[in-house]
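See structure below.
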Amino acid sequence: MNNRTSNSRSINDLARCQHRTATGKRCRLRVTDTSSGLCFQHASRGLHQLDSSDLRSALAREITEFNSAADINGFLSRLLLHLAENRVGARRAAVLAYISNLLLRTLPAIDAEEGMGPVAGPHIILDLPRPNRDPEIQPS
């Protein structure tokens, strides 16, 4: 006569999250997603995490070098969409956006080094003062 109660170990096993740590311990939280057998924390982690290769192919696509502002703009646009869809974490998106900002700031210096940018030399100022066209009043 081995009667099982509601507090038995096998029933509690099904109600606990199936996630295991590197040491083999199991999460103690209750299952919220019955299809995966995970708690809310581990189920949301699985949704938010993408493989590095998936993220690279989704954001950079065919771009191998960010040599133009258009390339960086396209990358940032895709990053924004992935952030809005919760496919990229906010911290990771902030780091990628900061690196993109640095790349964008160095583009004029790269162009100047390659001779494609503005040449450092005399600047022509086109904003000259206008002549006074009012008739002068002669003192009498």
Side-chain angles (χ1 to χ4, degrees):
M1 285 208 202
N2 194 358
N3 292 338
R4 296 205 163 213
T5 62
S6 62
N7 290 333
S8 72
R9 186 176 180 99
S10 64
I11 293 175
N12 285 338
D13 254 6
L14 295 175
R16 280 181 51 202
C17 178
Q18 299 298 314
H19 176 78
R20 293 194 181 268
T21 63
T23 59
K25 293 183 181 181
R26 245 173 99 181
C27 176
R28 293 183 178 190
L29 296 176
R30 297 183 66 69
V31 171
T32 55
D33 184 13
T34 54
S35 63
S36 68
L38 299 173
C39 65
F40 70 94
Q41 287 181 342
H42 294 111
S44 66
R45 272 192 210 162
L47 292 175
H48 295 312
Q49 290 178 345
L50 287 175
D51 291 338
S52 297
S53 61
D54 290 341
L55 185 61
R56 190 233 177 266
S57 64
L59 293 177
R61 294 192 181 162
E62 69 279 346
I63 301 170
T64 57
E65 295 182 13
F66 295 90
N67 292 333
S68 71
D71 291 343
I72 296 171
N73 186 5
F75 174 81
L76 288 172
S77 299
R78 288 186 290 278
L79 179 63
L80 173 66
L81 293 175
H82 281 75
L83 180 64
E85 295 169 354
N86 284 329
R87 295 186 67 199
V88 178
R91 179 178 285 175
R92 191 171 191 185
V95 170
L96 291 172
Y98 178 73
I99 293 170
S100 300
N101 182 23
L102 293 176
L103 288 170
L104 193 60
R105 288 174 166 242
T106 59
L107 287 179
I110 293 170
D111 288 344
E113 283 179 358
E114 294 175 356
M116 298 183 335
V119 179
H123 295 290
I124 299 173
I125 300 173
L126 298 175
D127 189 20
L128 297 174
R130 297 176 62 169
N132 186 6
R133 299 192 184 219
D134 293 334
E136 290 187 26
I137 301 175
Q138 304 267 341
S140 20

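- Distance check: Thr106 OG1 to Ile72 CD1 gives 7.0 Å after rounding to the nearest 0.5 Å.
- Two different hydrophobic clusters hold Leu83 and Leu59 under the rule that ILVMFWY side chains link at heavy-atom gaps under 4.5 Å.
- Taking all atoms of both residues into account, the shortest heavy-atom contact from Arg16 to Cys27 is NE-O, 3.4 Å.
- Minimum heavy-atom separation, Asn67 to Asp71: N-OD2, 3.8 Å.
- Considering all non-hydrogen atoms of both residues, Leu104 and Ala69 come closest at CD1-CB, 3.9 Å.
- A single hydrophobic cluster is seen to contain both Leu76 and Val88, as judged by linkage of ILVMFWY side chains at heavy-atom distances under 4.5 Å, directly or through other members.
- In the hydrophobic clustering of this structure, Leu79 groups with Leu103; members are Ile, Leu, Val, Met, Phe, Trp, Tyr whose side-chain heavy atoms approach within less than 4.5 Å, directly or through other members.
- The backbone N or O of Gln18 sits nowhere less than 3.5 Å from a side-chain atom of Arg26 that would complete a donor-acceptor pair.
- Formation of a donor-acceptor pair under 3.5 Å by the Arg87 side chain with backbone atoms of His82 is not found in this model.
- The structure places CG of Leu29 at 11.0 Å from CG of Leu38, a figure rounded to the nearest 0.5 Å.
- Rounded to the nearest 0.5 angstrom, Ser100 OG and Phe75 CZ are separated by 4.5 Å.
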